[in-house]
Student: 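Quick one: structure below, then a few questions.
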Amino acid sequence: MKKNYIPKKGTDGIKFLEVRAKGRNLLHDPLLNKGTGFTKEERVAFELVGLLPAHISTLEEQLTRVYENFKWKQSNLEKYIQLRVLQDRNEVLFYALLNRHLEEMAPIIYTPTVGEAVQLHSHIFRFARGLYISPENIGHIKEMADNLPTRQIEMIVVTDNQGILGIGDQGIGGMGIPIGKLSLYTLAGGIHPSACLPISLDVGTDNEILLKDPLYLGMKHKRCKGTPYFQFIDTFVERIRELYPKALIQWEDLSKQNAFHILKQYRDTFLSFNDDIQGTGAVAVSGLLNAVKIKNEKFSDQVFCVYGAGAGGIGVSRQIYHTLLEEGLSKADAKKRIFVLDSQGLITTQRKNLDEYKRPFAQETAEESSLVNVIKNKKITVLLGLSGTPGVFNQQVVAAMLVNTNRPIIFPLSNPTSKCEAHPKDLITWSEGQVIVATGSPFEPVSYKGKKIVIGQGNNAFIFPGVGLGVLASGASKITDKMFTVATNTLAEQISTDDRKEGIIYPSIKNLRNVSIQVAKAVFQQAVKEGQVPALPGREANSKSLRSQKSVAKKPSKDPSQIIQDRMWDPIYVPFKREKVA
């Protein structure tokens with residue numbers, strides 16, 4: 001029998017949870033386990049007497065204990081392992097700890113530390129979480145789902161492990177990315193952890209190091225590609241649609257070619273988006289909106305160079321394009337202000353065998369220019385790095401930028417830290433403090449001529465949890481580009497005029513939950529505006545009717561803010577009551 005992990009509200013207004021598990025089974029369920037926090041009454045009712053030390057700990061006492069253990073760890077990888085072990089033991093305590101120390105721990109559970117954990121996945125493996133689906137076992141996906149503790153899945157993050165951060169094909173080690181992203185969904189978006197499902201699509205690996213590693217835990221063969229790969233993906237989507245018709249799929253870290261194809265293939269028929277394309281685009285452009293305000297200029301006055309033409313680079317280019325259109329530029333004029341470079345230089349219409357997803361940003365020129373030449377010839381004022389090439393934004397690049405503008409905007413956004421195109425301190429020094437800089441990974445503030453300069457982090461966590469929360473709360477039938485545009489603008493609006501005077505262009509990560517709520521409200525309202533909400537939030541509607549009815553915008557029966565707040569989970573212990581067996 002499936003378990004229900006969502007608390008109910010009693011007649012007295014106090015939330016409680018009906019629980020059937022008891023004894024050691026209860027202690028081994030991380031979604032129910034309170035450890036030493038079980039009350040005296042619960043210990044008796046659920047047959048825990050003697051299985052725990054006598055002292056009944058408060059959540060506060062438990063937090064003190066686990067944080068003390070965290071601080072004892074010497075390396076970030078050890079801290080990552082300790083947090084994952086805690087998550088596998090007690091989810092409430094795990095999330096309560098992260099809430100309290102978010103700035104300190106977000107870089108541990110996600111970038112940059114998750115990159116190291118992914119690479120060492122098979123060597124630090126402790127506990128299975130989520131589903132590992134391969135062409136060999138996909139025929140048994142229903143049985144897999146039946147073995148999960150609940151069917152109440154709302155949020156699925158899935159990767160095929162091929163384009164992990166800036167480190168490429170990592171085989172099933174890529175599972176660390178969905179796990180980390182879903183942790184942020186719970187932290188920032190309040191999605192109940194029982195409603196989150198991480199999935200690794202194990203289609204093999206082309207990573208020779210992994211194939212030769214006797215401890216590697218994935219399928220030891222070359223990657224499935226071409227028609228067999230896309231048939232596998234299609235089967236996967238159909239099975240997930242049958243099992244979880246109302247769930248949202250977030251695609252993560254696919255190869256750049258597959259990412260665009262899969263997004264286009266399913267975005268209009270299944271609730272889904274690609275965070276590397278759409279989330280990265282939104283968070284990058286949000287920072288640019290604040291950066292140009294610092295310059296007292298218009299967004300449409302800038303000339304943009306995007307260095308890197310993968311999923312992130314083209315995603316950023318797309319969002320820049322949409323924002324230029326919003327400011328009134330024609331499609332032709334907007335395109336003329338965006339220059340995209342890949343490993344061969346400037347993308348132009350003269351290229352032979354140009355990838356389809358790059359074509360919209362190919363320039364009508366015969367030039368095959370290097371980065372510095374493009375900056376000089378095209379008068380670039382904004383430079384964004386999504387190449388995974390460390391150190392490519394050197395002093396010569398900065399000097400070329402300063403010829404075009406006295407306040408260049410340079411965002412080296414590649415993750416993890418080792419793949420960053422430039423260190424913020426170098427950019428600030430080379431520009432004599434004039435550069436406006438943001439990064440993808442966290443960096444400490446830089447001191448320059450007695451002034452402390454905060455380095456903004458263009459972290460996708462400012463976007464995707466709010467988008468997911470807003471979509472689920474509204475009951476939207478699909479996720480549109482305009483939803484990401486309003487998410488972009490809403491994130492930018494979280495920075496005050498006073499903050500911008502200090503050079504701040506992104507919020508602090510400690511404000512992540514509030515930012516996500518604001519993004520969710522904007523996405524919710526946009527869903528209603530676009531007519532993507534054919535059924536009122538909270539009203540039952542089957543998945544077929546949601547996707548087959550003609551879309552008619554409906555006014556929510558309650559204020560969107562209240563709907564959003566009502567569905568958000570907080571990591572606190574609620575009283576347990578014995579479930580009545582029929």
Side-chain angles (χ1 to χ4, degrees), residues 1-10 12-74 78-102 104-105 108-109 124-130 147-150 152 179 182-183 186-187 190-196 198 569-581:
M1 183 176 178
K2 294 294 182 181
K3 300 176 185 176
N4 177 29
Y5 294 98
I6 310 298
K8 301 177 181 179
K9 187 175 286 188
D12 56 3
I14 297 175
K15 289 184 176 181
F16 69 95
L17 190 61
E18 289 185 335
V19 176
R20 175 176 293 189
K22 59 185 179 181
R24 297 193 67 82
N25 287 336
L26 181 56
L27 295 177
H28 289 161
D29 188 332
L31 289 161
L32 297 175
N33 183 27
K34 300 181 184 181
T36 57
F38 283 105
T39 65
K40 182 178 180 181
E41 294 75 17
E42 289 170 339
R43 295 180 185 211
V44 172
F46 294 95
E47 301 179 15
L48 298 173
V49 175
L51 298 182
L52 295 165
H55 177 70
I56 297 171
S57 299
T58 64
L59 182 57
E60 188 68 32
E61 289 172 339
Q62 290 181 322
L63 286 169
T64 299
R65 181 179 298 113
V66 292
Y67 185 60
E68 184 178 85
N69 279 297
F70 177 85
K71 298 300 286 186
W72 283 339
K73 304 302 179 184
Q74 296 299 307
E78 288 177 314
K79 291 176 179 179
Y80 173 90
I81 294 170
Q82 194 252 348
L83 290 176
R84 282 294 316 281
V85 169
L86 176 60
Q87 183 181 15
D88 294 335
R89 184 175 81 243
N90 183 331
E91 298 249 18
V92 169
L93 186 55
F94 169 75
Y95 284 108
L97 180 69
L98 292 180
N99 268 345
R100 178 161 299 189
H101 304 283
L102 189 54
E104 182 178 7
M105 295 183 178
I108 303 297
I109 65 165
I124 63 173
F125 184 85
R126 299 290 195 282
F127 185 84
R129 176 176 287 265
N147 284 311
L148 294 173
T150 179
Q152 296 174 315
I179 291 172
L182 288 167
S183 296
T186 298
L187 279 167
I191 308 297
H192 195 282
S194 70
C196 297
W569 176 77
D570 290 307
I572 56 174
Y573 292 137
V574 297
F576 284 2
K577 296 182 180 180
R578 287 300 300 266
E579 181 182 337
K580 296 178 182 178
V581 180

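These values consider heavy atoms only, across backbone and side chains, with no hydrogens, waters or symmetry-generated copies. Source: prediction; values computed, not measured.
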Student: Side chains of Thr36 and Gln62: is there a donor and an acceptor less than 3.5 Å apart?
Tutor: yes
Student: About how many Å separate CG of Asp29 and CG of Asn90, when rounded to the nearest 0.5 Å?
Tutor: 10.5 Å
Student: Between Thr39 and Tyr573, is there a side-chain heavy-atom distance shorter than 4.5 Å?
Tutor: no
Student: Just how far is it from atom CG of Leu48 to atom CD of Glu42, taken to the nearest 0.5 Å?
Tutor: 8.5 Å
Student: What I'd like to find out is whether the side chain of Ile56 reaches to under 4.5 Å of the side chain of Phe38, using heavy atoms alone.
Tutor: no
Student: Identify the heavy atoms of Phe127 and Asp88 that sit nearest to each other, and give their distance.
Tutor: CB-OD2, 3.2 Å
Student: How long is the span from the NE2 atom in His101 to the CZ atom in Phe70, to the nearest 0.5 Å?
Tutor: 8.5 Å
Student: Check this for me: Arg24, atom CZ, are more than 12 non-hydrogen atoms of other residues, nucleotides or ligands nearer than 6.0 Å?
Tutor: no
Student: Might you work through the side-chain contact (heavy atoms from CB on, under 4.5 Å) test for Asp570 and Asn99, ending with a clear yes or no?
Tutor: CA-CA 10 Å; Asp570 290 307; Asn99 268 345; 5.6 Å; no
Student: Does a donor on one side chain and an acceptor on the other come within less than 3.5 Å for Gln152 and His192?
Tutor: no
Student: For the side chain of Asp12 and the backbone of Ile14, is there at least one donor-acceptor N/O pair under 3.5 Å apart?
Tutor: yes
Student: Not counting sequence neighbours, which residues clear side-chain contact (heavy atoms from CB on, under 4.5 Å) with Glu78? List them please.
Tutor: Lys73, Gln74, Ser75
Student: What heavy-atom pair brings Leu17 and Asn4 nearest, and what distance separates the two atoms?
Tutor: CD1-O, 3.6 Å
Student: Any idea which heavy atoms bring Ile108 and Tyr80 closest together, and the distance?
Tutor: O-CD1, 3.1 Å
Student: If we ignore hydrogens and angles and just use 3.5 Å, is the side chain of Asn33 paired with the main-chain N or O of Arg89 as donor and acceptor?
Tutor: yes
Student: What I want to check is whether the side chains of Tyr5 and Glu91 have a donor and an acceptor closer together than 3.5 Å.
Tutor: no
Student: Applying side-chain contact (heavy atoms from CB on, under 4.5 Å), can you list everything that pairs with Val49, at least two apart in sequence or on another chain?
Tutor: Arg43, Val44
Student: Which atom pair, heavy atoms only, marks the closest approach of His28 to Pro30?
Tutor: O-CD, 3.4 Å
Student: To the closest 0.5 Å, what do you measure between CG (Leu182) and CD1 (Ile179)?
Tutor: 8.5 Å
Student: Assess the side chains of Glu104 and Tyr67: does a donor N or O sit below 3.5 Å from an acceptor N or O?
Tutor: yes
Student: So, does Arg129 use its side chain to make a donor-acceptor pair with the main chain of Pro198 at under 3.5 Å?
Tutor: no
Student: Measuring from Leu86:CG to Ile81:CD1, what's the distance to the nearest 0.5 Å?
Tutor: 14.0 Å
Student: Could you state the interatomic distance from CZ (Arg126) to CD (Gln87), rounded to the nearest 0.5 Å?
Tutor: 14.0 Å
Student: Between Lys34 and Leu93, is there a donor-acceptor pair closer than 3.5 Å when you use the side chain of the first and the backbone of the second?
Tutor: no
Student: Side-chain contact test, heavy atoms from C-beta onward, threshold under 4.5 Å: evaluate it for Leu31 versus Thr150 and give yes or no.
Tutor: no
Student: Can you give me the closest heavy-atom contact between Leu32 and Ala21, atom names plus distance?
Tutor: CD1-CB, 4.5 Å
Student: Which heavy-atom pair separates Ile572 from Leu59 by the least distance, and what is that distance?
Tutor: CA-CD2, 4.5 Å
Student: Check Pro193, Pro571, Ser183 against Phe94 for a side chain to side chain contact (heavy atoms under 4.5 Å, CB included) and give me the one that passes.
Tutor: Ser183
Student: Has Lys22 got its NZ or CZ under 6.0 Å from the middle of the six-membered ring of Phe46, at an angle within 45 degrees of the ring axis?
Tutor: no
